[in-house]
Amino acid sequence: MTRERARIERLLWRAGFGPRPGDVDRLAARGLEKAVDELLDPSGPQLSGSPPRIDGKPLDPRNVWADDILWWLDRTVRTRQPLAERMTLSWHDHFAVSNASVGDVRLMLRYYASLRRGSLGRFRDLARAMTLDGAMQVFLDLANSSDESPNENYARELLELFTLGVNNGYDERDVREAARALTGFTFDYDTKRFAYDRKRHDGGLKSVLGKRGRFEPLDIVDLAIARPEHARYLCQKLWGYLSPRTCPPRLLDRMVRAYRDSGTDVRPPLRLALTHPALYADLDEPHQVKPPVVYVAGMLRATGRGVERQEWRWVMGGMGQEPFYPPNVSGWEGDEAWLTTGTVRGRYVAAQVALGDEIREGSIAQTQTPAQALRSALEATGHPWCSPRTMSVLRGYARRSVAGRDEGWQVKHYWPERQRVLRHLLLAGPDAQVC
Amino acid sequence: MRAGIPIDAHGACDDWRLAHAAPARALSRRSLLLGGTGLVVGALGLPGVSPQRILEAARADAAARPDGRILVSLYLDGGNDGLNTLVPLTDGRYRELRPRLAVRPQDTLPLHDTREFGWHPALAGLRELYDAGQVAVLPSVDYADPDLSHFNSAAFWRTGIAGPTLDRSGWLGRTLDAVGSMDNPLQGISATWGLDPVLISRRAPVATVIDPSDFGFWIPGVWDDDTPLRPIREIAAKRARHPALQAAREAYAGAVEVKGRLAPLAKEKEPAKPPRAYPDTHLGKSMRSLARMLGAGFGTRIAAVTSGGGFDTHENQLTDHPKLLRDVGDSLAAWQADLVARGLAGRVITLVWSEFGRRPQDNDSNGTDHGAGGLVLVVGERAQGGIQSEFPGLARLDPFDNLRVTTEFRTVYASLLESWLGVEAERVLGRVRGARLALVRP
């Protein structure tokens, strides 16, 4: 593989959900810079193909258990705008809201739409949209927080997780004062109406982050974003989604400047990161753990499949990531924490769901050589990365698994079995977990 | 699990720290520990071998014995409201601060040995255990200058380090580093989907298993589950250059190992019915699974379970909190009965904790905001029943109107490590000042 193809493949995993057949060749011909431009400025339809059906029925996220999870997963599989979709998932981790506590899929779908709309725009717009978002207001108790007794939950996370980083430029008094400014939102659980009630807003003077004024809710977002600590915190977070490595200091400085100069537009810093050599380090041994959604979407994209089996409803939980259900307000832990004895088993099972039972007994001739078997498996799984040493283990297996099995019934079973195992190992083995 | 520090270097580092930190005291405590693990060490004078090495080997051996002691962490996710769990009946300010949420005294469940407190009415299961002398209660545990962020506070409790650190390992994972084996992942079981962060170790293998009956590696059309596992084992044995791939390979190696060891349990068609029903909740199910695994004798020393979440009761606490408490109390009661039936009750102690308590003053959304001073319970047949540390009272609060902290969480950890697991606390937690608490009956 040429170096450019390897870089494009890396880009498609980190800034999307892995390549579909043909993607790497098409983009390699245009070059990395152009590929990044295309990702940052998507146009045309958001999704390709037709919506999946499970047992003949379309997904019904509002009424069928776990179909909300599959609905999100489907968007990642069919996306034609991988970076926008990937950033939506990252923002879901950043502005984490869980339906486990909101308990209203309608609100969660609206929350998704806000994230998606703001995925590649100005952070300020997104943070304001999140402050006004119904699911968020319910999740972090901003709704019905009133002047009499302000609820600090949203104020705290806005500073700690969304804009500044823990204890990074604010203190306990800022949280309490910000909470006062954020009062006045209401939610009627019976009519499901959100509103802003000026009478329940604390109109008094507050001092927040070194400023004094009669601040209103959205002022707090602006005050936080105006802090010098914010840009660096956010750019570091952006880099963290793209790479597990420490961001090179000079790159981070440039990202911070680009982010500030553009008035919190995330595209300029993303462009710098996605075209920087640090992102393309270690092409011979990929060093980021695929998040489960990326792993599964990547598997389905590489093999040209969709979210068409009901098993996906429970498989995602076994890997530790269900969209719409992050474990808590700080999102998913990520990186190596994704991989435990339990979750790798979940990942193994996921490949079983993706591959299904597609190779019939007796469908492979005894004349197939081990090398042909491996080639056929690589072809069927989109040529996933694996180390030279792993490749040699697979070659050994391809030889041993059928050696001496010459009887008719053995050929009928073990030749297809070899193909099933090879595809499974390529798609789900240890090496398939990194990108 | 995630490696990085070579074994020898780390051991040497421990040796250095021990040698430089009050050796006399450390030694005397160590002999006491050995008594605790039931070991007789007669080889202290072997030439050429440091006493430290012999003690280490002996402890590792004891740890591998299937009748060793077990410590279980039960985390109440989100910050449990201690004041409405164990209600301070004689504190006049309680009702003033909780106009919306105060539990009425006549509704609480009395304690057999004091009138100062009452249990929340949903805690009938826990109260039985308390009255049987099996619950040590610490009403206000935290650390100095409590941090009210879930993220920070939970990280401090999990790592056992009260302050910012780059160390991701959990205090119970490090306990296994100190006394565990290098080849038995089931010595530390996280009965959760992801690995419980308290169990993250630097080098000792640990396992994440939520249901031992469901740990197969089936592929449609592949006759023997082990066929694909053989090449996986080969692939996983090769050391990777970067932590990501290394983590994938280690996790696979661990999973294959765990699958082999769980095989006897996986074969049980219908697990035996527990003597007392567990609640049909996330917590109830994971504790039931865990009891089965402990019963199978895998040499487990540490385990971790987590509540289903939701203790972050910023609003609607009157509806939500009772359900959460009932789940915890009933799960613990079923768990203890199960342990008795399995002959394990004398070997297991469960530490119930949360990242912080909640603000004494309730809020306008019928909830409570983040506070300090959380309630800790130590549950088990060998627990020292009763209220074991001071309740600070509500008359005087801390500068942020939170409960004052009377007990540092690290002294709770140190006490359990030393009196229950027989591990020198300093090896896991660094220096822990402060008198140890009597949490375990001698």
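Here is the naming used below: chain letters follow the sequence lines, and residue numbers restart at 1 for every chain.
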Of the backbone (N, CA, C, O) and the side chain (C-beta and beyond), which part of [X] lies under 4.5 Å from a heavy atom of chain A, both, or neither?
| X | result |
| --- | --- |
| B:N363 | both |
| B:A240 | both |
| B:D147 | side chain |
| B:L245 | both |
| B:R359 | side chain |
| B:D214 | both |

Which portion of [X] sits near chain B, non-hydrogen atoms under 4.5 angstrom:
| X | answer |
| --- | --- |
| A:V434 | side chain |
| A:S387 | side chain |
| A:A143 | backbone |
| A:H424 | side chain |
| A:D335 | neither |
| A:W385 | side chain |
| A:R360 | neither |
| A:P416 | neither |
| A:N328 | neither |
| A:A428 | both |
| A:S101 | neither |
| A:Y189 | side chain |
| A:E361 | side chain |
| A:R418 | neither |

Consider only side-chain N and O atoms of A:T390 and A:D431, and report whether a donor and an acceptor are under 3.5 Å apart.
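Yes, side-chain donor-acceptor contact under 3.5 Å.
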
So which residue, [options], ends up with the most heavy-atom pairs under 4.5 Å with chain B?
| options | answer |
| --- | --- |
| A:Q433, A:E285, A:R420 | A:E285 |
| A:G318, A:A100, A:S401, A:A351 | A:G318 |
| A:L161, A:V289, A:V344, A:L355 | A:V344 |
| A:P244, A:C386, A:G317 | A:G317 |
| A:R173, A:Q352, A:H413, A:E333 | A:H413 |
| A:E157, A:R389, A:Q288 | A:R389 |

Worked verdict on B:K259 versus B:D226 for salt bridge (charged side-chain N to carboxylate O under 4.0 Å, His left out)
CA-CA 10 Å; B:K259 181 207 174 252; B:D226 285 331; 3.3 Å; yes

Look at [X] together with [Y] and state whether they make a salt bridge at an N to O cut-off of under 4.0 Å.
| X | Y | value |
| --- | --- | --- |
| A:R156 | A:E152 | yes |
| A:R405 | A:E417 | no |
| A:D284 | B:R241 | yes |
| B:R358 | B:D81 | no |

Who are the salt bridge (charged side-chain N to carboxylate O under 4.0 Å, His left out) partners of A:R400, not counting sequence neighbours?
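Expected list: B:E234.
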
Please work out whether the ring planes of [X] and [Y] are parallel, tilted or perpendicular, with thresholds of 30° and 60°.
| X | Y | result |
| --- | --- | --- |
| A:Y414 | B:W223 | perpendicular |
| B:Y252 | A:Y348 | perpendicular |
| B:H150 | B:H314 | perpendicular |

Roughly how far, to the nearest 0.5 Å, is CG of B:D196 from CZ of B:R158?
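Atom-to-atom, B:R158:CZ and B:D196:CG are 6.5 Å apart.
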
Rounded distance (nearest 0.5 Å) linking atom CZ of B:R100 with atom CG of B:L318:
10.5 Å

Do you know which of [options] has the most heavy-atom pairs with chain A at a distance under 4.5 angstrom?
| options | answer |
| --- | --- |
| B:L148, B:V209, B:I210 | B:L148 |
| B:G221, B:P185, B:A248, B:S149 | B:G221 |
| B:F151, B:W218, B:F215 | B:F215 |

Lys NZ or Arg CZ of B:R261 over B:F298 ring: under 6.0 Å, within 45°:
no

Here's one to test your reading of the geometry: is the NZ or CZ of B:R230 within 45 degrees of the ring axis of A:Y397 and under 6.0 Å from its centre?
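No cation-pi geometry.
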
Specify the closest pair of heavy atoms between A:A337 and B:R168, including all atoms of both residues, with the distance to one decimal.
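Of all heavy-atom pairs spanning A:A337 and B:R168, the closest is CB-NH2, 3.8 Å.
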
Atom CG of residue position B:D145 - does it have more than 12 heavy atoms of other residues, nucleotides or ligands inside 6.0 Å?
no

Please check if the side chain of A:S145 supplies one atom and the backbone of A:N151 the other of a donor-acceptor pair under 3.5 Å.
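Checking the backbone N and O of A:N151 against the side chain of A:S145, a donor-acceptor pair under 3.5 Å is found.
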
